[in-house]
Amino acid sequence: MTAKVFVLYFAKSVELTGVKEEEIDDVPTPIRSRDLWRLLLQRHPRLSVLQDHVVLAVCQQYVPISDQLLILGDGDEVAVVPPLSGG
């Protein structure tokens, strides 16, 4: 299964991606948070500078980049939340 998710970028991640938000179609679900991060890196390789400092928020719940399994639905919101210092 796949889902269409709405990705929001904050702080340094806006500068690195050049966008504040985007829709991504066909995100596999379930997906591990680490694989979701990799998917975002494929779209925006410059995000890699935040690799060890970024946190994802899925439907307004913080999610570490790990083996945590996420079950996404169409329209779910994913936020990329880097540290305020930019890493």
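Ion pairing between a basic and an acidic side chain is recognised when a charged N comes within 4.0 Å of a carboxylate O; Arg46 and Glu15 show no such pairing. A salt bridge links Lys4 with Asp25; the closest basic N to acidic carboxylate O contact falls under 4.0 Å. Here Arg32 does not pair with Asp35 in a salt bridge; the nearest charged N to carboxylate O distance is not below 4.0 Å.
Both Val19 and Leu50 belong to a single network of hydrophobic side chains, linked directly or stepwise wherever heavy atoms of I, L, V, M, F, W or Y lie under 4.5 Å apart. Connection of Val55 to Val5 is not established within any shared hydrophobic cluster, with ILVMFWY side chains joined at heavy-atom distances below 4.5 Å, either directly or through further cluster members. Under the 4.5 Å side-chain heavy-atom criterion for ILVMFWY residues, no single connected hydrophobic cluster contains both Val7 and Val81. Put simply, Val54 and Leu41 are part of the same group of oily side chains (I, L, V, M, F, W, Y) that touch within less than 4.5 Å, one to the next. A continuous path of ILVMFWY side-chain contacts below 4.5 Å connects Val49 to Val80, so both sit in one hydrophobic cluster.
Counting heavy-atom neighbours within 6.0 Å of Glu23 CD, excluding the residue itself, gives a total above 12.
With sequence neighbours excluded, no residue forms a salt bridge (charged side-chain N to carboxylate O under 4.0 Å, His left out) with Asp26.
At least one donor-acceptor pair closer than 3.5 Å links the side chain of Ser66 to the backbone N or O of Gln68. In this structure a side-chain-to-backbone donor-acceptor pair under 3.5 Å is missing from Ser13 to Tyr9.
The shortest heavy-atom contact between Ser33 and Val63 is CB-CG1, 3.6 Å. Of all non-hydrogen atoms in Ala3 and Asp74, the two that sit nearest each other are CA-OD1, 3.3 Å.
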